[in-house]
Amino acid sequence: MPAIDRRLTLTQSELPVDTVLLARFLIGTLLVRETPEGALSGRIVETEAYPVGDAAGHAYIGATKRNGALFLGRGHAYVYLAYGVYYLLNVSSEHAGVGAGVLIRALEPLEGISAMQRNRRLQDLRGLTRGPGRLTVALDIDRRLDGVDLCQKGPLRLVRDAHAAPEIGVSQRIGLSRETDKPLRFYVRGNPFVSGPKSLNR
DNA sequence: AGTGCGATTGACT
DNA sequence: GTCAATCGCACTA
């Protein structure tokens, strides 16, 4: 492993404990998926917070078989199957024993783009990782990665990267049937890889 | 053991 | 714009 990777991988202590702060913090950081064929990576450009006490959050009902990774303490992957079709990736937040997390909704592809194009069976760069179900296909993320520590060397990790502070937009979250009006979605204004309707991306 | 339901997407009218 | 696909899981009993 190159030493540079160890240096850049975010440590748990660098992550904000608070779910909403973490959702903002993750905008602009890199998500790196290590595969036998090489690294697939992208910059996080859209997130949603599912804080403690949020009735729309999967942890709201308490720890279960499915959502246990949300209770591992900040910086772990929580991966679940949505609609029986797509895997969605969350970064757990708060302290161990407290259930909450941040949904990763979109990436700007950086490394391994040709592999992502194969995984998605799609050439169009803009469509590769624009959306929470799409990015997991592009990066080959599924339930095998549930519970992985994103702050350690491994198959999936968070990496700090120097980046100009982007202008961050805030909106309600997408696709919910409850708690629909809370301003808990964060995105890079004007970034073409952000998902969602235009009305929420101003 | 049976039931109902999604933190989505792509295909189609 | 509408809508089906598809299945693990939580819940009821």
Side-chain angles (χ1 to χ4, degrees), chain A residues 18-27 31 42 44-72 74-94 98-109 116-148 150 156 168-188 192-201:
Chain A
D18 178 83
T19 304
V20 177
L21 294 181
L22 179 63
R24 276 186 176 274
F25 174 89
L26 289 176
I27 298 288
L31 182 69
I44 296 170
V45 296
E46 181 184 354
T47 62
E48 281 178 357
Y50 290 85
V52 176
D54 173 20
H58 286 185
Y60 186 68
I61 58 176
T64 67
K65 179 178 181 177
R66 175 173 73 156
N67 68 18
L70 286 173
F71 293 79
L72 295 176
R74 64 195 190 280
H76 291 80
Y78 165 52
V79 182
Y80 77 98
L81 184 62
Y83 296 102
V85 180
Y86 294 99
Y87 292 99
L88 271 56
L89 170 68
N90 289 244
V91 177
S92 66
S93 57
E94 307 294 336
V98 178
V102 174
L103 173 67
I104 307 301
R105 284 199 58 92
L107 303 175
E108 178 171 341
M116 294 188 203
Q117 288 170 323
R118 281 196 300 279
N119 292 342
R120 286 273 292 128
R121 275 161 224 162
L122 179 77
Q123 289 297 306
D124 175 52
L125 184 66
R126 188 165 172 256
L128 283 185
T129 53
R130 192 185 55 159
R134 293 170 176 156
L135 72 90
T136 57
V137 173
L139 270 58
D140 189 30
I141 292 168
D142 61 27
R143 274 232 109 194
R144 292 172 302 179
L145 297 180
D146 187 56
V148 162
L150 300 172
L156 190 63
I168 297 181
V170 183
S171 81
Q172 63 192 35
R173 295 171 293 182
I174 293 176
L176 304 186
S177 55
R178 302 193 283 180
E179 308 289 354
T180 55
D181 290 336
K182 296 189 172 170
L184 293 175
R185 172 175 174 264
F186 304 94
Y187 60 94
V188 177
F193 297 94
V194 171
S195 75
K198 286 180 187 171
S199 60
L200 293 185
N201 290 339

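Naming: A, B, ... by sequence-line order, numbering from 1 per chain. We use all heavy atoms of the structure for the numbers below, so side chains are in, but hydrogens, waters and symmetry mates are not. Model, not experiment: these values are computed from the prediction.
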Return the polar atom pairs (N/O with N/O) between nucleotides 2-4 of chain C and the protein under 3.5 Å, or none.
none

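- Consecutive pairing runs in DNA chain B reach the stem threshold at B:1-6 with C:7-12, B:8-12 with C:1-5, where a stem means at least three Watson-Crick or G-U wobble pairs with distances under 3.5 Å.
- A donor-acceptor distance shorter than 3.5 angstrom exists from the side chain of A/Asn67 to the backbone of A/His58, with no hydrogens or angles considered.
- Pairs engaging residues 117-129 of chain A under the salt bridge (charged side-chain N to carboxylate O under 4.0 Å, His left out) rule: none recorded [sequence neighbours left out].
- With hydrogens and angles ignored, the 3.5 Å screen pairs no side-chain donor or acceptor of A/Ser195 with any backbone N or O of A/Gly131.
- Using a 4.5 Å heavy-atom threshold, the side chains of A/Phe193 and A/Val188 count as separate.
- Every residue meeting the side chain to side chain contact (heavy atoms under 4.5 Å, CB included) condition with A/Ser92, not counting sequence neighbours, appears here in chain and number order: A/His76.
- The salt bridge (charged side-chain N to carboxylate O under 4.0 Å, His left out) contacts involving residues 171-180 of chain A comprise A/Asp54-A/Arg173, A/Glu179-A/Lys182, where partners must be two or more places apart or lie in separate chains.
- Checked against side chain to side chain contact (heavy atoms under 4.5 Å, CB included), A/Leu21 has the following partners two or more places apart in sequence or in another chain: A/Pro16, A/Asp18.
- Applying the side chain to side chain contact (heavy atoms under 4.5 Å, CB included) criterion to A/Arg143, with sequence neighbours excluded, gives A/Arg66, A/Tyr78, A/Tyr87, A/Asp146.
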Reading nucleotides 5-13 of chain B from 5' to 3' and marking B where a protein heavy atom lies under 4.0 Å of the base, S where only the sugar-phosphate is that close, and - otherwise, the string is -BBBSS---
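- Applying the salt bridge (Lys or Arg N to Asp or Glu O under 4.0 Å) criterion to A/Arg185, with sequence neighbours excluded, gives A/Glu46.
- When the side chain to side chain contact (heavy atoms under 4.5 Å, CB included) test is applied to A/Ala23, the partners found at least two apart in sequence or on another chain are A/Thr47, A/Ala49, A/Val102, A/Phe186.
- Listed for the A/Ser93 side chain is a donor-acceptor partner under 3.5 Å among the backbone atoms of A/Ala100.
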Sort me out a list of protein N/O and nucleotides 11-13 of chain C N/O pairs below 3.5 Å, or just none if empty.
none

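- A search for side-chain hydrogen bond (donor to acceptor under 3.5 Å, both in side chains) contacts involving A/Glu108 returns A/Asn191, not counting sequence neighbours.
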